[in-house]
Amino acid sequence: MTGNQSAADPPPLLEVRNLVKHFPVHTGLLGRKTAVVRAVDGVSFAISAGETLGVVGESGCGKTTLGRAILRLIEPTSGEILVEGADFRAVRGKKLRAMRRHLQIVFQDPFSSLNPRMTIGDAVREGIVIHRLAEGAEADRRVRHLLEEVGLHGEIANRYPHEFSGGQRQRIGIARALAVQPQFIVCDEPVSALDVSVQAQVVNLLLDLQRDRRLAYLFISHDLRVVEQVATRVAVMYLGRVVELATADALYREPLMPYSQALLSAIPVPDPVTRRERIVLSGDVPSPANPPTGCHFHPRCHHPGRDAACARISPPLEEKAPGHWVACIKQPPTTVPWDVQLQHGATNPPSRYLPDLTAIRA
Amino acid sequence: MAGFLLRRAAQSVAVLFAVATLTFFLLHLAPGDPLDAIASDARIPSDVRDSLRVRFGLDQPLAIQYARHLTGIVQGEFGYSTSQHRPVGDVMADVIPNTLLLMGAAMFLAFAGGIVLGALQGGRADSRFDRIASALTTTMATLPDFWLASGVSLVFAHKLRWLPIAGKVDPAMHMLLSPGAQILDVLRHMALPVFSLVVIAGSVVARYQRAALLDIWSEDYVRTALAAGVPWRRRLYHHALRNALLPIITIFGLSLPSLVGGAVFVETVFAWPGIGRLAVEGLLLRDYALVLGVVIVTSALVALGSLLADVLHGVADPRMRNG
Amino acid sequence: MADVTPASVAAFADYAPPVTSLPPAQPATLWKTLRRDRTFRSALAVLGVIVGAAIFAPLLAPYDPAAQFDLTTRLQAPSAAHWFGTDPVTRDVLSRVVFGARISLTIAFLAVALSLTIGTVVGAAAGFVGGSFDAFVARSIDALLSIPRVLLLLSVLSLWGELSTRALVVLIGTTGWFGVARLVRGEVAALRQRDFVTASRALGARGMRVLVRHVVPHLASPILVAATLGVGHMIVVEAGLSFLGFGVPQPDASWGSIIRDGREFMQTAWWLTAFPGLALVLTVLAVNVVSDRLRAALSPRQLPAP
Amino acid sequence: MNERNTLLAVENLRTSYRTTHGTARAVDNVSFNIDAGEILGIVGESGCGKTATALSVLRLIDPPGRIEAGSHLWFEGHDLLTLDEEAIRQVRGRRIAMVFQEPMTALNPVFTVGDQVAEVVRVHTSATRREAWARAVAMLDRVGIPEPAIRARSYPHQLSGGLRQRVLIAMALVMRPALLIADEPTTALDVTIQAQILELLQELQREMGMAVMLITHDLGVVAEVAQRVIVMYAGQVVEEAGVQDLFSSPRHPYTRGLLRAMPRARRAAERLQTIPGTVPSPTAWPAGCRFRDRCADAFEPCGNPPDLFDLGGGHRARCFLTQVTAATAPTEPSMPSRI
């Protein structure tokens with residue numbers, strides 16, 4: 001994740017360090033900047049080839065902004081983006097456009113993501129044309145091949161998007177991204193708008209492509225079940241910050257951040273005979289323009305050790321177990337010493353809290 | 001809301017600034033200079049002309065002239081009317097109340113009538129009544145102001161002699177009338193110009209109102225009310241109409257310039273002593289200061305009106321109040 | 001998503017499979033919709049007749065519009081010989097109206113073309129570039145739109161004096177683009193937010209390519225609607241100026257100037273103002289109906305206004 | 001199912017829409033009952049007709065849609081389809097209430113939420129303005145809105161999505177209806193808020209003893225909340241069963257496919273089972289079994305339209321395979337006897 005690589009290691013495919021995106025809020029006379037929405041507030045992680053990092057969180061947590069800021073479709077406020085060690089934020093103009101080839105995106109809304117005035121062949125071909133990857137009959141052949149690779153007929157290239165269903169459009173969107181042979185794809189809620197049966201088809205397609213092309217995905221979703229299915233590691237976001245980052249296995253088995261625990265327990269189990277302890281959070285997600293102090297989650301937190309220090313200390317994302325990073329000063333071990341917590345009004349020492357989230361057969 | 005109002009007021013000032021700048025450049029891009037009207041008069045000796053040029057500041061650099069132009073507007077000085085031989089500000093002050101009277105009456109009636117008609121139509125969309133009313137409003141909305149005003153004047157004033165032909169008051173009798181009769185006299189003179197304006201503007205309002213109502217009729221919250229057992233009449237007049245008024249307020253702000261434009265023609269046809277007629281007269285007499293003064297002042301009135309519309313919108317829409 | 005889901009589809013979203021998103025307004029489908037529209041067809045027919053009359057004026061007009069007869073035919077009421085009557089200098093009103101169509105329509109079409117060009121370029125530039133340039137343009141357009149059009153034209157005329165027909169076209173055109181610019185700016189700004197534009201940028205497309213391939217094709221419909229609406233508007237603006245005496249210079253005569261010429265005889269010779277006025281109203285009405293129907297066909301959310 | 005408890009009996013409901021591509025049979029001969037006090041889940045994917053079914057029950061189908069003749073909706077001794085406008089109005093919101101999917105747009109933006117709840121009381125009772133307001137505040141309190149007397153004076157835009165959905169539930173339940181139709185009530189909400197709302201709905205259902213028709217695409221929601229489930233596909237009911245029965249022994253291949261397609265395995269990066277193909281168009285349902293083209297088990301009889309066969313214990317399924325015993329299976333399929 002953060003640094004500590006020996007010089008011999010090749011740099012990861014994509015590394016993000018302390019990425020920040022603030023949106024100004026203009027109010028008052030002449031529209032002065034009076035506040036900022038901290039949509040992405042210091043996010044760091046790394047992804048290597050063939051890996052999927054899942055990003056989960058509720059609406060307004062900044063996951064979509066994160067995806068677009070990494071691709072510089074929204075210019076980040078600060079932070080570093082390294083693509084195979086090269087500084088992606090430093091490039092401009094022609095070099096930036098050339099580099100974009102390696103980083104692609106697949107959108108949530110299958111209706112808005114394709115230009116309704118453009119044939120799907122032209123849509124898939126666009127990247128090939130921009131980067132001069134092929135011309136004429138060779139380009140045609142590639143478009144055909146790409147469409148077939150995502151499970152569509154090659155002959156449909158001259159048809160328009162409105163003739164296709166949501167799932168098919170999502171496949172077309174994937175083919176468009178693949179056309180430039182990227183190494184990394186941001187999948188921004190790629191299956192959220194689809195029906196369950198179609199969802200499964202698209203998830204399978206993404207998994208097949210990853211296996212065949214050693215693609216790395218940043219898989220953004222609010223649906224924890226889908227993320228569990230596809231991700232190797234998962235980052236949980238809350239109000240612009242990553243609050244937990246772990247392998248999918250560790251996260252789903254033993255979530256340590258109380259927010260992740262609540263999120264997991266809220267998933268309805270598709271089985272009427274199993275019941276599990278449910279943590280029902282009170283209240284709503286606060287506004288990212290005016291987040292709570294300290295740990296953003298503390299007003300809704302159900303950790304028995306929650307105390308005054310939680311409202312004062314901004315918890316660092318720290319490694320609680322190998323590869324398991326959590327931002328909570330009440331889950332031991334923590335790098336925030338007890339005397340520091342005491343200074344900030346702590347009353348409860350850190351103690352491990354792990355509600356049983358495994359489904360119980362009734 | 002206070003912040004919004006301040007911002008909105010600042011915008012109005014910016015609009016006025018832009019108008020003032022535009023008029024200034026129109027003035028200086030024009031062939032020759034503004035004194036050409038006098039200059040063409042051979043009886044005026046050239047040294048007089050030069051002294052006039054100095055007096056009007058036309059020998060100064062452009063930037064200084066621009067600054068003077070702006071400060072003049074801020075101080076309410078719009079120069080000297082060459083046709084009326086007195087300051088433009090005074091000339092306008094005499095006629096603006098007349099225009100406000102005419103426009104105020106016309107706008108009130110146009111919006112009241114248009115909203116009612118549009119609501120009735122929207123409530124019975126595609127009925128016989130709606131189709132006939134739509135055909136009528138569509139036609140009325142396209143009538144050119146001057147042509148309608150001329151026709152109205154021909155039929156009701158010249159042929160039928162129901163109402164006076166022109167002016168604001170009866171020039172011979174007015175001063176001799178009792179106060180009540182004086183008011184009636186003005187109303188009789190207003191009737192035809194107001195009618196002409198109302199027919200056109202009211203049709204436009206009715207068309208928008210109908211469309212707005214139909215748009216809102218398919219909103220989710222109208223369906224919620226339906227599913228909750230709220231009667232049709234209440235859904236229409238309480239839920240839908242209340243929301244449909246919001247776009248109409250916006251239309252009010254946006255339609256002000258064209259309403260003022262319409263007033264220019266109607267005032268001309270009925271010889272109503274208003275600011276529009278003043279502008280046309282000034283133009284015929286090549287009184288550029290008067291025309292520019294009218295443009296700036298009417299733009300200011302329009303800006304004020306649309307500010308008012310925005311305030312109204314803010315009052316009517318709770319989302320604006322603390323959003 | 002909300003902006004592409006027509007209410008009629010959203011109302012029974014469950015029934016409507018995802019496929020029924022708005023089909024792109026291809027000319028063929030648009031024409032199919034409009035062909036069934038009787039009001040549209042009759043308006044188009046009326047327009048066809050009027051435009052035809054303007055084009056073939058020399059063949060259709062019974063007389064030379066400037067021809068003067070002996071004074072006994074002065075101010076004659078409509079008759080078999082002169083369907084629309086004659087004017088004070090014995091000219092045939094019908095012929096004048098037919099030739100007037102040429103002037104009125106030519107000015108309107110040219111002025112619309114000019115204002116659409118300026119408005120589209122300014123609006124597209126502002127919407128596409130965004131930022132403070134966009135804010136500046138938007139504010140300026142608002143300012144310009146708050147000046148009553150007639151007064152703006154009058155103030156220019158007061159400074160320039162009498163204009164040639166060509167200059168009149170330029171004047172009307174260059175003062176008529178504000179609304180178009182605002183419309184186009186709004187459309188472009190909305191398009192810029194669409195995912196397919198983001199996708200194109202993510203592929204590495206340059207701004208120009210995004211503009212030409214993804215934004216401009218979507219402007220066709222709003223511009224088409226604005227154009228039809230603009231023609232009607234320009235006809236009225238020109239007529240209004242002519243009516244006030246600041247329009248087309250002699251000997252050219254537009255409908256507006258014919259009406260003006262007839263105004264002083266209105267009480268005795270109604271036909272001098274009635275017929276050019278009717279021609280004007282009929283044209284504008286037809287154009288507006290065409291525009292209305294086009295808009296309805298292009299965006300099903302707007303219910304057609306009969 | 002005990003006959004005496006039946007609250008709503010939907011009989012041969014057919015709802016169609018006229019479209020440019022022909023007539024879409026959104027709901028095609030749907031029959032089912034809801035008993036008083038039960039939670040019936042209706043599941044299916046988009047286009048299966050579940051929302052159109054719900055809208056039909058309250059007669060909320062607008063042109064170009066219509067409920068066809070021969071449909072019956074028996075409720076409290078009347079056929080809802082024969083009631084006049086005023087009578088059906090009195091049923092809406094008072095005896096049968098509805099909560100819609102989109103809390104952001106389902107409330108009128110220019111009225112306070114208290115007014116909107118009170119309005120329901122006012123149009124159905126002779127309560128005074130003050131009484132109606134008091135009932136509205138009490139109901140807002142009941143659905144868990146903090147500081148209800150103050151929040152009642154808020155406008156919808158001042159509330160979060162979760163609170164708005166609570167307001168809509170308050171509007172629906174303030175008259176204590178016998179039946180609540182909830183159309184995807186949590187789909188637009190975040191998962192933690194969804195948990196709150198589902199909990200609230202169950203609690204209120206128990207307390208008021210009302211029946212709930214819960215429409216959703218999410219089998220997880222159904223499993224948690226419903227007692228009985230109807231699965232819809234292509235405008236028809238394809239399976240109906242008690243919730244445990246349905247999840248433990250689904251009998252229709254479509255239901256089985258849906259259950260398998262749900263991402264729930266713990267194993268990451270593993271392929272999901274899918275149902276091939278897509279839902280057919282409602283303007284041209286295929287003849288015979290409508291799932292045949294996507295069904296791995298299709299065999300010869302599937303060219304004919306299958307009935308909703310009764311499998312005992314309240315379990316019904318629209319599939320010929322349920323009629324075939326292992327011994328006579330697909331090799332020599334005989335036409336099953338109609339029930």
Side-chain angles (χ1 to χ4, degrees), chain B residues 1 3-4 115 119 122-127 130-131 209 212-252 309-323, chain D residues 54-55 57-63 85-113 115-125 153-158 164 167-168 170-175 177 180-183 188:
Chain B
M1 186 71 185
F4 164 76
I115 287 170
R124 293 166 185 74
D126 270 334
S127 66
D130 175 42
R131 281 202 296 271
Q209 173 72 38
L213 206 63
L214 286 181
D215 251 7
I216 283 161
W217 200 242
S218 57
E219 291 284 342
D220 279 358
Y221 52 80
V222 175
R223 188 177 61 171
T224 307
L226 171 65
V230 177
W232 178 84
R233 191 167 279 278
R234 191 173 162 82
R235 271 184 287 131
L236 180 64
Y237 294 114
H238 189 64
H239 287 268
L241 189 55
R242 179 71 174 65
N243 280 282
L245 285 179
L246 299 177
I248 293 301
I249 294 173
T250 310
I251 296 298
F252 169 77
D310 277 7
V311 172
L312 274 177
H313 198 284
V315 171
D317 188 349
R319 284 164 294 189
M320 303 286 291
R321 264 176 247 161
N322 31 20
Chain D
L55 292 173
V57 170
L58 271 182
R59 283 179 39 193
L60 298 177
I61 303 290
D62 289 325
E85 266 311 307
E86 176 56 19
I88 187 74
R89 183 189 73 73
Q90 290 188 16
V91 171
R92 291 175 185 150
R94 197 171 63 88
R95 300 305 300 153
I96 305 179
M98 190 153 177
V99 173
F100 295 99
Q101 170 175 0
E102 200 45 76
M104 302 319 250
T105 54
L107 288 167
N108 195 324
V110 300
F111 300 121
T112 65
V113 296
D115 277 337
Q116 297 187 54
V117 181
E119 182 182 33
V120 183
V121 178
R122 301 252 294 156
V123 300
H124 288 298
T125 67
R153 299 191 189 284
S154 310
Y155 288 94
H157 74 276
Q158 295 165 317
R164 286 192 219 189
V167 170
L168 283 164
M171 274 179 80
L173 300 187
V174 69
M175 294 306 298
L180 174 71
I181 302 175
D183 185 6

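Side-chain atoms are counted along with the backbone in the values below, which use heavy atoms only and exclude waters and symmetry mates.
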Check whether [X] gets within reach of chain B through its side chain, its backbone, both or neither, counting any heavy atom under 4.5 Å.
| X | answer |
| --- | --- |
| D:Glu119 | side chain |
| D:Leu58 | side chain |
| D:Leu168 | side chain |

**Item:** Heavy-atom side-chain proximity of D:Val110 to B:Leu246 below 4.5 angstrom
**Value:** yes
inquiry  = Taking the side chain as everything from C-beta on, heavy atoms only, tell me whether B:His238 gets closer than 4.5 Å to D:Asn108.
reply    =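 Heavy-atom side-chain distance check fails, nothing below 4.5 Å.
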**Prompt:** Would you call the rings of B:His239 and D:Phe111 parallel, tilted or perpendicular if under 30° counts as parallel and over 60° as perpendicular?
**Reply:**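 Rings of B:His239 and D:Phe111: perpendicular, as their planes differ by over 60°.
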Minimum-distance pair of heavy atoms, taken over all atoms of [X] and [Y]:
| X | Y | answer |
| --- | --- | --- |
| B:Thr224 | D:Ala106 | OG1-O, 2.8 Å |
| B:Val230 | D:Arg89 | C-CD, 4.2 Å |
| B:Ala227 | D:Met98 | CB-CB, 4.2 Å |
| B:Gly229 | D:His124 | CA-NE2, 3.8 Å |
| B:Asn243 | D:Pro109 | OD1-CG, 3.5 Å |

When rounded to the nearest 0.5 Å, the distance separating OH of B:Tyr221 from CD of D:Gln116 is 10.0 Å
**Asked** If you count heavy-atom pairs under 4.5 Å with chain B, which of D:Thr105, D:Val174, D:Val123 comes out on top?
**Response**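 Sorted descending by pairs with chain B, the first entry is D:Thr105.
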